[in-house]
Amino acid sequence: MTILSKGNAKLDRSCFIYSHTPVVGCGSWCKDCAKTCYALNSYKQYKNVKAKWDANLALSKTNDFYAAFCKELKERKVKKVRLMQSGDFYNDSIINKFYYIIRDNPQVTFYGYTKNKRAYDKLNKLPNCNIIYSFVNSFLNYGSAEYCKLLHKKFGCHICSINEEAGEKCMRDCDVCMRKSSAKTGVCFVIHGTKKGDHSYEDSVIAKIKKIK
């Protein structure tokens with residue numbers, strides 16, 4: 001079984017994906033989104049996805065992870081990797097493993113999203129890695145269109161513009177999330193899929209953001 005997958009509904013097949021088990025593979029950072037986790041749907045619905053993600057999580061906890069990951073990058077001639085489509089950098093050990101994987105494969109560009117500030121700080125020191133923090137000035141980086149426009153207005157973050165219905169693909173029609181500038185400004189996403197209707201926090205948060213000068 002390979003470690004990496006190739007593209008998905010939103011991401012172009014030129015970009016490979018690393019994922020592992022959602023929720024239990026997120027560390028303590030899943031508390032904000034566990035109930036509406038989009039990755040859980042695929043994990044529960046598809047046996048092959050569950051098997052792959054569970055195998056990746058188990059491998060990531062071993063000393064063989066670095067060698068296996070680097071070998072696959074070279075054998076499959078990988079140029080771009082999205083990290084943590086499912087899961088997150090669950091502890092310092094996995095951050096360190098990815099640090100050396102990324103450092104020792106300068107021919108590959110890595111990007112991803114995390115709620116782990118230590119992963120954001122450490123991995124972004126590498127020139128071929130761009131990790132985007134899942135908070136914009138302490139506010140979650142997803143919400144309604146109104147919410148995202150307000151985050152952009154107040155803090156200058158980029159709003160993801162990919163239109164899946166029009167057939168657009170990340171890393172083909174837009175590569176903002178792979179640019180170092182996006183890690184500094186942040187990126188926010190208009191909620192869709194399982195997160196639609198997750199507005200419980202929004203009214204009070206929007207009111208709070210509007211008061212920020």
Side-chain angles (χ1 to χ4, degrees), residues 1-30 33-34 37-40 42-134 169-172 175 177-180 182-183:
M1 184 181 292
T2 57
I3 298 170
L4 301 171
S5 302
K6 202 170 184 180
N8 58 27
K10 186 175 181 180
L11 186 64
D12 189 64
R13 285 181 62 80
S14 64
C15 190
F16 288 74
I17 303 167
Y18 172 80
S19 294
H20 60 224
T21 312
V23 183
V24 298
C26 293
S28 60
W29 297 277
C30 73
C33 54
C37 177
Y38 69 90
L40 275 176
S42 295
Y43 180 75
K44 292 177 179 179
Q45 186 174 357
Y46 303 108
K47 291 182 179 180
N48 60 323
V49 170
K50 182 180 187 301
K52 187 182 189 75
W53 291 359
D54 285 349
N56 280 352
L57 181 62
L59 180 63
S60 75
K61 297 179 180 180
T62 72
N63 293 330
D64 298 324
F65 186 64
Y66 169 88
F69 206 109
C70 292
K71 180 181 178 183
E72 186 165 330
L73 291 175
K74 291 179 171 62
E75 288 182 345
R76 301 181 74 180
K77 298 179 181 179
V78 176
K79 296 298 181 184
K80 295 181 286 188
V81 176
R82 176 183 169 177
L83 297 176
M84 305 304 179
Q85 175 194 345
S86 170
D88 205 336
F89 302 96
Y90 51 81
N91 62 21
D92 288 344
S93 176
I94 191 65
I95 295 173
N96 291 335
K97 288 173 183 176
F98 270 112
Y99 180 89
Y100 291 114
I101 288 169
I102 296 166
R103 186 198 68 177
D104 295 344
N105 289 277
Q107 79 282 7
V108 183
T109 302
F110 298 81
Y111 82 101
Y113 315 91
T114 186
K115 287 184 172 149
N116 186 337
K117 188 61 164 52
R118 292 194 299 275
Y120 169 84
D121 289 336
K122 182 162 186 171
L123 298 181
N124 277 328
K125 293 177 181 177
L126 296 165
N128 58 325
C129 184
N130 194 55
I131 300 297
I132 296 166
Y133 194 41
S134 295
K169 293 273 190 176
C170 292
M171 298 305 133
R172 185 191 69 193
D175 66 353
C177 291
M178 201 172 272
R179 301 177 198 170
K180 282 291 187 181
S182 64

Please check if the side chain of [X] supplies one atom and the backbone of [Y] the other of a donor-acceptor pair under 3.5 Å.
X: Lys169; Y: Asn8; answer: yes
X: Lys180; Y: Asn124; answer: yes
X: Lys52; Y: Thr2; answer: yes
X: Asp88; Y: Lys115; answer: yes
X: Thr62; Y: Leu59; answer: yes
X: Asn96; Y: Tyr99; answer: no

Are the side chains of [Y] and [X] in contact, using a 4.5 Å heavy-atom criterion?
X: Cys129; Y: Arg103; value: no
X: Phe98; Y: Met84; value: yes
X: Val78; Y: Glu72; value: no
X: Lys97; Y: Phe69; value: no
X: Leu73; Y: Ile101; value: yes
X: Tyr90; Y: Ser60; value: yes

Roughly how far apart are [X] [atom1] and [Y] [atom2], rounded to 0.5 Å?
X: Ile131; Y: Ile95; atom1: CD1; atom2: CD1; result: 10.0 Å
X: Leu57; Y: Ser19; atom1: CG; atom2: OG; result: 11.5 Å
X: Ile94; Y: Phe65; atom1: CD1; atom2: CZ; result: 4.5 Å
X: Leu83; Y: His20; atom1: CG; atom2: NE2; result: 10.0 Å
X: Asn130; Y: Leu123; atom1: CG; atom2: CG; result: 10.5 Å
X: Ser5; Y: Asn56; atom1: OG; atom2: CG; result: 7.5 Å

Given the rule in the side-chain contact (heavy atoms from CB on, under 4.5 Å) test, do Gln107 and Asn128 qualify, once you have shown the distances and angles that lead to the verdict? CA-CA 8 Å; Gln107 79 282 7; Asn128 58 325; over 6 Å; no
Per the side chain to side chain contact (heavy atoms under 4.5 Å, CB included) rule, which among Leu11, Val81, Leu4 passes with Ile17?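 It is Leu11, the one option of Leu11, Val81, Leu4 that forms the side chain to side chain contact (heavy atoms under 4.5 Å, CB included) with Ile17.
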How about Tyr100 and Tyr66: are their ring centroids closer than 6.0 Å?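 So the answer is no for these two rings.
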Taking the six-membered ring for Trp and the single ring otherwise, decide whether the centroids of Phe110 and Tyr18 are under 6.0 Å apart.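 Judged by ring-centre distance (under 6.0 Å), Phe110 and Tyr18 do not meet the cut-off.
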Could you walk me through whether Tyr111 and Cys15 pass the side-chain contact (heavy atoms from CB on, under 4.5 Å) test, one step at a time? CA-CA 10 Å; Tyr111 82 101; Cys15 190; 3.9 Å; yes
Could you list the residues that satisfy side chain to side chain donor-acceptor pair (under 3.5 Å) with Ser86, not counting sequence neighbours?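 With neighbours one apart ignored, the set is empty.
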Step-by-step side chain to side chain donor-acceptor pair (under 3.5 Å) determination, Ser14 to Asp12: CA-CA 5 Å; Ser14 64; Asp12 189 64; 2.7 Å; yes
Assign the ring pair Tyr133 / Tyr120 to parallel, tilted or perpendicular, where the plane angle (0 to 90°) is split at 30° and 60°.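 Rings of Tyr133 and Tyr120: tilted, 30 to 60°.
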If you draw a 6.0 Å radius around NZ in Lys44, do more than 12 non-hydrogen atoms from other residues or ligands fall strictly inside?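 No, NZ of Lys44 has 12 or fewer neighbouring heavy atoms, counting only those of other groups under 6.0 Å.
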Check this for me: Asn48, atom CG, are more than 12 non-hydrogen atoms of other residues, nucleotides or ligands nearer than 6.0 Å?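 Correct, the count exceeds 12.
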Where is the tightest heavy-atom contact between Arg82 and Tyr113, given as atom of each residue plus distance?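 Taking every non-hydrogen atom into account, NH2-CD1, 3.4 Å.
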Could you pull out the closest heavy-atom pair between Cys177 and Met171, with the gap in Å?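 Answer, listing the atom of Cys177 first, then Met171: CB-CE, 4.2 Å.
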